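All values reported here derive from a predicted model rather than from experimental measurement.
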Amino acid sequence: MRQIFIVGHGGPEKLQLREFPDPSPGPSEIRIRVRASGINFADILARQGLYPDSPKIPCVVGYEVSGTVDETGPGVNQSWLGKDVFTLMRFGGYSDVVVVPEKQTFQKPASISYAQAAAIPVNYLTAWQLLVVMGSLNPGETVLIHNAGGGVGLAAIDVARHIGATIYGTASSGKHAFLRRRGLHEVIDYRSKDWTLELNRLTKGKGVALITDPLGGNHWKKSYSALRSTGRLGMFGISVATTSKLFGALRLLPLVLGMPLFHPLSLMSRNKSVFGVNLGHMWHETDMIAGWMKILLTGVADGWVRPHVDRTFPLVQVGKAQTYIEERKNTGKVVLTT
């Protein structure tokens with residue numbers, strides 16, 4: 001098997017290909033010959049030493065893969081053999097062979113490619129948790145999706161369209177036409193405009209019912225201020241940390257200093273709420289995750305779940321793939337192929 005290791009904290013040069021004997025599945029596990037592996041921003045943060053959940057280096061990151069089952073462990077239904085599947089995993093996805101628990105594995109719909117299947121687990125489960133489970137978005141309500149052109153952003157658009165919400169999003173101007181075709185009602189260029197002023201204009205000063213924010217730091221303050229009464233702020237990332245010119249963990253200092261403190265009394269008086277989402281801390285809720293995935297797979301069949309892969313890179317070009325994301329060139333998912 002081939003795996004991509006993070007061998008130190010820093011740039012893409014810290015990613016290294018290594019080879020090992022193929023692993024064997026244990027009880028209740030299956031082995032998958034990987035065809036596609038999803039890349040997430042957390043992988044880049046891990047390489048930069050900014051992701052507290054990352055294993056100690058040297059380590060292999062990656063939360064999601066798709067491929068074909070070629071071996072099963074004791075106690076696993078033999079019908080899995082030869083099936084095309086995708087799975088959510090706790091690291092190790094930057095590999096061409098993985099072993100995962102059977103209960104975290106789902107059959108790949110024939111209507112989508114391996115790359116599209118690898119674009120579903122993290123993005124769509126996160127979007128579902130943000131908008132439906134914790135965000136309680138209702139038909140006719142307004143939602144603002146920050147980083148609307150990213151993988152979670154596009155998934156959130158699909159979910160919000162399915163619900164029947166009015167959807168605003170922030171993105172660079174080059175992505176606006178595509179995002180309108182995907183379902184955004186209004187797109188705000190955060191690089192050339194103050195998005196808070198533009199959102200205020202669009203909502204006639206009311207604000208929105210729900211905001212999804214993967215940016216972090218002082219940006220969460222701005223998002224909170226843009227909520228209307230009964231509004232909800234869903235926080236699920238700290239991507240602005242990668243733009244700091246400081247080195248290593250010092251990049252987190254301005255982020256931490258800029259973070260808001262949400263006092264209970266203030267939340268009550270303003271009739272607003274805030275919540276956090278981290279799918280990587282949901283491993284103890286496998287039945288819950290499986291229930292969400294069942295809904296999303298129905299969405300694939302019905303056509304409202306539309307995983308979009310911007311670009312694929314061979315596994316050995318993982319450094320180029322991560323750089324492509326860091327430079328904000330992608331619209332949707334970037335996937336490694338084997």
Side-chain angles (χ1 to χ4, degrees), residues 1-6 20-40 42-43 46 51-56 58-110 112 114-129 133 151 155 277-300 305 307 315 333 335-336 338:
M1 64 182 295
R2 298 180 302 160
Q3 295 183 297
I4 300 295
F5 276 77
I6 298 174
F20 296 90
D22 288 347
S24 297
S28 302
E29 292 182 333
I30 63 174
R31 188 172 73 185
I32 301 171
R33 294 285 168 181
V34 176
R35 297 289 298 274
S37 302
I39 299 179
N40 293 286
D43 307 341
Y51 192 54
D53 291 340
S54 174
K56 293 182 180 180
C59 66
V60 180
V61 294
Y63 281 118
E64 55 198 341
V65 305
S66 66
T68 304
V69 178
D70 77 337
E71 189 175 335
T72 60
V76 175
N77 193 319
Q78 295 296 294
S79 66
W80 281 110
L81 286 171
K83 283 187 176 179
D84 291 331
V85 298
F86 66 96
T87 186
L88 188 70
M89 55 193 304
R90 183 178 288 184
F91 304 114
Y94 284 19
S95 310
D96 61 7
V97 178
V98 299
V99 169
V100 295
E102 178 186 16
K103 61 184 177 182
Q104 293 170 204
T105 305
F106 308 92
Q107 187 166 349
K108 182 183 80 67
I112 61 175
Y114 290 106
Q116 288 175 305
I120 289 179
V122 171
N123 290 347
Y124 279 89
L125 288 170
T126 297
W128 189 261
Q129 186 176 349
V133 179
V277 166
N278 186 335
L279 193 65
H281 289 184
M282 293 288 288
W283 299 106
H284 61 297
E285 298 284 7
T286 53
D287 290 342
M288 184 184 296
I289 295 296
W292 300 349
M293 185 60 75
K294 182 178 180 180
I295 296 170
L296 293 168
L297 287 174
T298 299
V300 172
V305 169
L315 182 66
K333 195 74 169 183
V335 173
L336 300 172
T338 60

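Not a single donor-acceptor pair under 3.5 Å links the side chain of Gln104 to the backbone N or O of Thr87. Remark: side-chain polar atoms of Ser37 are not paired, donor with acceptor, to backbone N or O of Leu336 under 3.5 angstrom.
Each of Met1, Gln3, Met89 was checked for a side-chain contact (heavy atoms from CB on, under 4.5 Å) with Val98, and the lone residue meeting it is Met89.
Using a 4.5 Å cut-off on side-chain heavy atoms (C-beta onward), Ile289 and Trp283 make no contact. Proximity of Thr105 to Trp80: side-chain heavy atoms (C-beta onward) are separated by under 4.5 Å at one or more points.
With rounding to the nearest 0.5 angstrom, the NZ atom of Lys333 is 13.0 Å from the CD atom of Gln116. Expressed to the nearest 0.5 Å, how far CG of Leu88 lies from CE of Met293 amounts to 7.0 Å. Between the CG atom of Leu297 and the CD1 atom of Ile112 there is a distance of 7.5 Å, given to the nearest 0.5 Å. With values rounded to the nearest 0.5 angstrom, Ile120 atom CD1 is found 9.5 Å from Asn123 atom CG.
With sequence neighbours excluded, the residues that form a side-chain contact (heavy atoms from CB on, under 4.5 Å) with Gln107 are Lys83. Every ring pair (Phe, Tyr, Trp, His ring centres under 6.0 Å) that Phe86 has, sequence neighbours left out, goes to Phe106. Every residue two or more places apart in sequence or in another chain that forms a side-chain contact (heavy atoms from CB on, under 4.5 Å) with Arg2 is listed here: Leu17, Glu19, Asp96, Leu315, Val316, Thr338. Take Tyr63 and apply the ring pair (Phe, Tyr, Trp, His ring centres under 6.0 Å) test, not counting sequence neighbours, and it matches Phe91.
Listed by first then second residue, pairs satisfying side chain to side chain donor-acceptor pair (under 3.5 Å) with a partner in residues 284-298 number zero, not counting sequence neighbours.
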N/O donor-acceptor pairs under 3.5 Å from side chains in residues 25-35, not counting sequence neighbours:
unit_1: Glu29; atom_1: OE1; unit_2: Gly26; atom_2: N; d: 2.7
unit_1: Arg31; atom_1: NE; unit_2: Asp70; atom_2: OD1; d: 3.0
unit_1: Arg31; atom_1: NH1; unit_2: Pro23; atom_2: O; d: 2.9
unit_1: Arg31; atom_1: NH1; unit_2: Glu71; atom_2: OE1; d: 3.3
unit_1: Arg31; atom_1: NH2; unit_2: Asp70; atom_2: OD2; d: 3.2
unit_1: Arg31; atom_1: NH2; unit_2: Glu71; atom_2: OE1; d: 3.0
unit_1: Arg33; atom_1: NE; unit_2: Asp70; atom_2: OD2; d: 2.7
unit_1: Arg33; atom_1: NH1; unit_2: Asp22; atom_2: OD2; d: 3.2
unit_1: Arg33; atom_1: NH2; unit_2: Asp22; atom_2: OD2; d: 2.8
unit_1: Arg33; atom_1: NH2; unit_2: Asp70; atom_2: OD2; d: 3.4

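Side-chain contact check for Asn40 and Glu64: at least one donor-acceptor pair (N or O, by modelled atom type) lies under 3.5 Å.
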